[in-house]
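Below is one structure, written out as C-alpha cells, with a few remarks after it.
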Amino acid sequence: MLVTQYFPRDLFKGKTVFVTGGGSGINLGVAKNFAALGANIAICGRTQDKLDASAADLRAFGTEVCSVRADVRDSDALEAAFEKANAELGPMDVLVCGAAGNFLAPAEKLSANGFKTVVDIDLLGSFNATRNAFEQLKETRGTILYISAGMAYMPHAFQVHVGAAKAGIDMMMKNIALEWGRFGIRANSIVPGPIEGTEGLKRLSDPAEKAKLINAIPLRRTGTVDDIGQAAAFLASPLASYITGCVVVCDGGQNLLGSALFNLGAEQMLHARQE
Ligand code: COA
Ligand code: NAP
C-alpha cells in the first residue's frame, strides 16, 4: 500500500529525491512512494532498459523523472548524474543510497575481487553518492537514507563481503550524521527484512522454504517494497526532523530470531547448486 494512504499527497511536492539503484526492487519501491507524495525523482543504475521501464512507471504518478546510466563505483559518473538531475529537477532534498550487489559465497571460496566488488558497489558507491551530493544537500538542508541490511550487525553465513560492506555503510552514516548535522543534513539507515518479489530475496532464500520463514517472523509475513517506502518517506519527512544517525530496522521483527534459519537455508541453497 503506497504512503498516500497515510501522508498528505503533497508532502514532497517540489522536492527532488535521487535514488541510486532506483531501477528495480526495493529502491524502485522507495522511489514510487516518494513520487506518490509529489516528489520529482532521479534514478541511476547500470542497465538502460531497467531504467527506462522504471522511469515510465514513475512518470505514471505525474512526476518529473531524470534517469541516468551511472555505475556508483565511478565517482565522476555519479557527479555528472547529480549535475544532470540538478539541472532538470533542482537540487536534491533526499538522497537514497540503495545500489548494491549480493551473492552467497563461502569466505574460503570468495576471491579478493569478489569481496572487493561488493564492498565497492555498496560501501564505496554509497560514499561516492554521499560525497557528490554534499553541495546540493547543503543547499536544501536535505537528508540521506542508506539501504543497509541485517548483515551489518549480525553475522550471516556466506555473507562476509556483504556484512563488511553494510557495516561500513552504517558507520559511515553515523559519521556523516555527526559531521553534517551542522549543515542541517540528516542521515539514517533503513534495514529491510526479507522483501517479497525482490532480487535480494531470490538470491538469498529458497522459495520452497517460504512457509518456514514466514512462520518464524514475529509479524508472520514477509515485507513489501512499500513497507520500506513508507519508512523512507517518514524518515525523510518533517515528522523525523530530529532523527539522525539511526539504524531503523524494518523487518517484522526478523532480527529477533538471530541468523540461524538464514544460515541453514543458505547452506542448503549452496549445497543444491553444487549437486
Ligand atoms: N560467488 C562467488 N564469487 C562471485 C559470484 C558468486 N556467486 N558472483 C560474482 N563473483 C565474483 C566474480 O567471480 C568476480 O571475481 P573474480 O574476478 O575473482 O573471478 C567478482 O565477483 C566480480 O564479478 P563480476 O561479475 O565482474 O561483477 P559485476 O560488477 O559485473 O557484478 C555482482 C556485480 C557480482 C554483485 C552481480 O551479482 C550484480 O551485478 N548484482 C546486482 C544485483 C544484486 O546483487 N541484487 C541483490 C541486491 S541485495
Ligand atoms: P535489486 O533490485 O537488484 O536492487 C539493486 C539495484 O542496484 C539494481 O537496480 C541494480 O541495477 C543497482 N546496482 C547494482 N550495482 C550497481 C552499480 N555498480 N551502480 C549502480 N547501480 C547498481 O535488489 P533488491 O533486493 O531490491 O535490493 C535493494 C537494496 O535493498 C540493496 O541495497 C539491498 O542490499 C537491500 N536489501 C534487500 C533485501 C531484500 O530482501 N531484497 C533485504 C535487505 C537489504 P543494475 O544491476 O542495473 O545496475
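This one's a predicted model, so the numbers in the text were calculated from it and none came from an experiment. Remember, it's 1-based here, ligands and their atoms both numbered in the order they're listed.
- Considering both main-chain and side-chain atoms, Ile26 comes within under 3.5 Å of ligand 2 through a nitrogen or oxygen pair.
- At a heavy-atom cutoff of 4.0 Å, ligand 1 is contacted by the side chain of Arg46 but not by its backbone.
- For a threshold of 3.5 Å applied to N or O pairs, the pair formed by Ala99 and ligand 2 contains no separation below that value.
- Ligand 1 places these atoms under 4.0 Å from at least one heavy atom of Arg73: 29 (O).
- Both the backbone and the side chain of Arg46 come within 4.0 Å of ligand 2, judged by heavy-atom distances.
- Distances from atom 16 (P) of ligand 1 to the heavy atoms of Pro106, Ser111, Gly98, Gly45 show the closest one on Ser111.
- Nearest protein heavy-atom contact of atom 44 (O) of ligand 1 is Asn102 N, 2.8 Å.
- Polar contact with ligand 1: present for Arg203 (N/O pair, distance under 3.5 Å).
- Under 4.0 angstrom from ligand 1, the non-hydrogen atoms of Thr117 all belong to its side chain.
- The side-chain contact (heavy atoms from CB on, under 4.5 Å) with Phe34 is formed by just one residue from the set Leu58, Val19, Asn40, Val17; it is Val17.
- Within the 4.0 Å heavy-atom criterion, the part of Asn27 lying near ligand 2 is the side chain and not the backbone.
- A salt bridge links Lys210 with Glu196: at least one charged nitrogen is closer than 4.0 Å to a carboxylate oxygen.
- Distances between N or O atoms of Gly98 and those of ligand 2 include at least one value under 3.5 Å.
- Polar contact check, Lys50 against ligand 2: a nitrogen or oxygen pair lies under 3.5 Å apart.
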